[in-house]
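Since the structure comes first, as C-alpha cells, the remarks are kept for the end.
Residue numbers start at 1 and run along the sequence shown.
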Amino acid sequence: MSSRYQSAKQDYLKFGIDTDKVLERLSKIPVSLHCWQGDDVTGFDHDGPLTGGIQTTGNYPGKARTPEELMADMEKVMALCPGKKKLNVHACYAIFEKGEFVDRDKLEPKHFKKWVDFAKKHDMGIDFNPTFFSHEKVNNGLTLSSPDEDTRKFWIEHGKACIRISEYFALETGVPCVMNIWTGDGTKDIPSDRLGPRMRYKDSIEKILAEPYDRNLVKPCVESKVFGIGVEAYTVGSAEFSLSFAAMHEGCLPLMDNGHYHPTEVVSDKIPALLAFFPEIALHITRPIRWDSDHSVLFDDETKEMAKEIVRCDALDKVYMALDYFDASINRISSWSVGFRSWQKALLLALLTPNAQLKALQDQSKFTQLMIEQEAVKTLPFGDVWNEYCSRAGVPDDYSLYAEIEAYEKEVLSKR
C-alpha cells in the first residue's frame, strides 16, 4: 500500500467513503469483454466483407485470424485490465471442426464448446449475440423484418438456435447469459411503409422468444439503433420500437447502446428512467462520434455519467454491462484495454462519490451546498486510488500500459 493511497484513503474518509471497501466491491462487478474487437467483427463462419448496417474502419496490422489467435489476444487484454470479466460472443464466432460447416440457422452448442472451455479456464460467464449481418441471406438490408417469408424463417431459426446456445452457456458456466437481439434492418432512403416491417419484426422476435428456455438462465434483450451504414433513412428497430417491445413482453430486457441514439441524447439520463419500470436492463458501452457509434471507450464525461447513474440508483446488480466497439485504426489490444480500463475507472469514480450525502442535499433543497460539494469531490485524489486498484489486481498502471502493449505487438502481432 503506497503512502499516496494511504493519504487518499484519509481524504475520502472525510466524505464517509471507505476506499478499501470500494475496491473490494469494484473487483466483483462483472463487465462483458467483446470478442469482436480483436478481428474487426469478421468471425469464423464466412470470408466475405462486413455488411448489414455496420462497418469497421482502419487496417492496423496484426489482427487475429484464428480462434487461437483471438483467444490469446483476449488473454493478453485480461492480463492488462483489473476487474471481473465476462465473455461476450457473436454467433458468427462459431468454431467448426476441420471440414465441418453449418449455416446460422443450424448452429448448435457444440460449435461453441471451445468458447465454453475458454470461459471456464478464466472463471467467466458468457453473453451471446445472434449475428443478423454479414450473410448472403440479409435480403435487401432486411432479416427479421423482410417481406420474404423464407428470409424471415431462416433468421427466426437462427434466433431460436441462439436461445438454445445461450442456455447451454449458462448451464456450463453457472452464470446467466444475456442474449441480445440487434439487427441492422432498415432502408437507405425514405420508406413508403414504416409500420409493415415493424409488425413483421415484432412477430419474428416473438417467434424467437417462443423457443423454450429457463428465464433464470437466459436474459433476452432487444437493442435499438437510430441508423446504420446503408440504412440511413429508416431503421426498423428504433428506440421506441425496442423499448415498447421489452415493456410488453415479460422477461425481455431493453438494451441501450449509448452509440445508438441521436447525438443530443444521453443514455445516462435514460438509465434511471428505465430502472423506474424494469427490474433489470442491459447496457452496451461505447463512444459515439457523429455518425460512428463504435469508437474505443474513453474516460470521458458521458462514460462517467453512465457509471454514476448505475451506482446512484443502487443498480450494480440490475444492469448487465458490456463493452461494444471495434476500432481497427489503432493497435487492437490497446483499444480493448483502454476501453475496459476506462469503464473500470468510471465505476470506481462513481463508487467513490458520496452519493447518499449529495442526494440528501438535493432532497433538502440545499442547492448552494450541493453545488459546492459536487465540485469539491471532483478534486479528490481519485488517481491514487486507481493506481492502488491496479496494483492489487496485478496489472500495469496507466504509465506502464503502453510498454506492455508495445512488447506484445513486437513479440506476437508483428509476426502475423
Side-chain angles (χ1 to χ4, degrees), residues 30-51 54-81 83 85-96 111-119 121-122 124-129 131 133-134 169 180 182 257 259 284-287 292-298 321-344 395-396 401-402 404-416:
V31 177
S32 283
L33 186 65
H34 55 312
C35 73
W36 50 93
Q37 164 58 39
D39 74 335
D40 308 341
V41 208
T42 302
F44 306 127
D45 72 345
H46 69 100
D47 296 322
L50 185 62
T51 62
I54 58 176
Q55 186 178 51
T56 301
T57 55
N59 192 30
Y60 197 91
K63 81 170 185 176
R65 302 161 298 180
T66 66
E68 292 75 21
E69 289 180 350
L70 184 58
M71 290 179 187
D73 288 354
M74 294 193 80
E75 286 180 326
K76 182 61 181 179
V77 172
M78 290 187 287
L80 297 174
C81 298
K85 289 87 177 175
K86 202 177 181 187
L87 177 63
N88 207 355
V89 178
H90 245 287
C92 62
Y93 288 82
I95 301 174
F96 303 111
H111 301 127
F112 296 87
K113 182 181 182 303
K114 290 184 179 180
W115 285 113
V116 167
D117 293 342
F118 181 80
K121 176 183 176 182
H122 297 286
M124 296 190 296
I126 307 177
D127 291 333
F128 197 47
N129 308 264
T131 306
F133 53 83
S134 296
F169 285 155
N180 177 45
W182 173 83
D257 181 309
H284 274 188
I285 302 141
T286 183
R287 181 169 58 100
D292 179 42
S293 63
D294 293 295
H295 281 66
S296 307
V297 172
L298 300 179
M321 294 170 272
L323 300 180
D324 183 9
Y325 54 86
F326 31 94
D327 189 343
S329 69
I330 60 174
N331 180 294
R332 295 170 183 81
I333 307 298
S334 171
S335 178
W336 247 331
S337 302
V338 170
F340 195 95
R341 290 165 67 101
S342 293
W343 184 243
Q344 289 285 298
V395 304
L401 182 63
Y402 179 74
E404 291 271 356
I405 293 170
E406 185 180 38
Y408 188 77
E409 180 169 294
K410 289 180 179 178
E411 295 166 6
V412 179
L413 303 182
S414 65
K415 298 176 182 177
R416 291 178 180 170

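Side chain of Trp336 to main chain of Cys35: no donor-acceptor pair is present (N/O by atom type, distance under 3.5 Å, no hydrogens or angles). Side-chain atoms of Thr131 come within 3.5 Å of backbone N or O of Ala91 as a donor-acceptor pair. Arg416 contributes a side-chain N or O that, together with a main-chain N or O of Gly62, makes up a donor-acceptor pair within less than 3.5 Å.
Minimum heavy-atom separation, Met71 to Lys114: CE-O, 3.8 Å. Taking every heavy atom of both residues into account, Tyr325 and Ile285 meet most closely at CD2-O, 4.0 Å. Heavy atoms only, all atoms of each residue included: Glu409 and Asn331 are closest at OE1-ND2, 2.7 Å. The two atoms that bring Asn88 and His284 nearest to each other are ND2-NE2, 4.2 Å, heavy atoms only. For Gly38 against Leu70, the heavy-atom pair with the smallest separation is CA-CD1, 3.8 Å. Minimum heavy-atom separation, Ser296 to Ile330: OG-CD1, 4.2 Å.
Contact annotation: the side chain of Lys86 never approaches that of Met321 to less than 4.5 Å [non-hydrogen atoms, C-beta and beyond]. For the pair Met74/Leu87, a side-chain contact is recorded, criterion being any heavy-atom separation below 4.5 Å from C-beta on. Between Leu80 and Val395, the closest side-chain pair of non-hydrogen atoms is not below 4.5 Å. A 4.5 Å side-chain heavy-atom check between Phe340 and Lys85 finds at least one atom pair inside the cut-off.
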For this session: Please report the C-alpha distance between Lys121 and Asp117 in whole Å, then the side-chain angles of each, then the deciding distance to 0.1 Å, and finally whether the side-chain contact (heavy atoms from CB on, under 4.5 Å) criterion is met.
Result: CA-CA 6 Å; Lys121 176 183 176 182; Asp117 293 342; over 6 Å; no
For this session: I would like to know whether Ile126 and Phe112 meet side-chain contact (heavy atoms from CB on, under 4.5 Å); could you show each step before the answer?
Result: CA-CA 11 Å; Ile126 307 177; Phe112 296 87; over 6 Å; no
For this session: With side-chain contact (heavy atoms from CB on, under 4.5 Å) as the test, would you mind laying out the steps for Asp39 and Asp73 before giving the verdict?
Result: CA-CA 10 Å; Asp39 74 335; Asp73 288 354; over 6 Å; no
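The aromatic rings of Phe44 and Trp115 lie parallel to each other, their planes meeting at an angle below 30°, with 60° marking the opposite boundary.
A distance of 5.5 Å separates CD1 in Ile54 from OG in Ser134, rounded to the nearest 0.5 Å. The CD atom of Gln37 sits 8.5 Å away from the CD1 atom of Ile333 when rounded to the nearest 0.5 Å. Interatomic distance, CG of Asp294 versus NE2 of His34, reported as 8.0 Å (0.5 Å rounding). Between Glu406 atom CD and Leu413 atom CG the span is 11.5 Å, to the nearest 0.5 Å. Distance check, rounded to the nearest 0.5 Å: CZ of Phe326 to OG1 of Thr57 gives 9.0 Å. Interatomic distance, CG of Leu401 versus SG of Cys81, reported as 7.5 Å (0.5 Å rounding).
Not counting sequence neighbours, Lys415 has no partner by the salt bridge (charged side-chain N to carboxylate O under 4.0 Å, His left out) test. Considering only residues two or more places apart in sequence or on other chains, Phe133 meets the ring pair (Phe, Tyr, Trp, His ring centres under 6.0 Å) condition with His90.
Judged as a salt bridge (charged side-chain N to carboxylate O under 4.0 Å, His left out), the pairs with a partner in residues 323-344 (not counting sequence neighbours) are, in order, Asp40-Arg332, Arg341-Asp398.
Taking the centre of each ring, Phe96 and His111 come in below the 6.0 Å mark.
Using a cutoff of 4.0 Å between basic side-chain nitrogens and carboxylate oxygens, Glu69 and Lys63 are not scored as salt-bridged.
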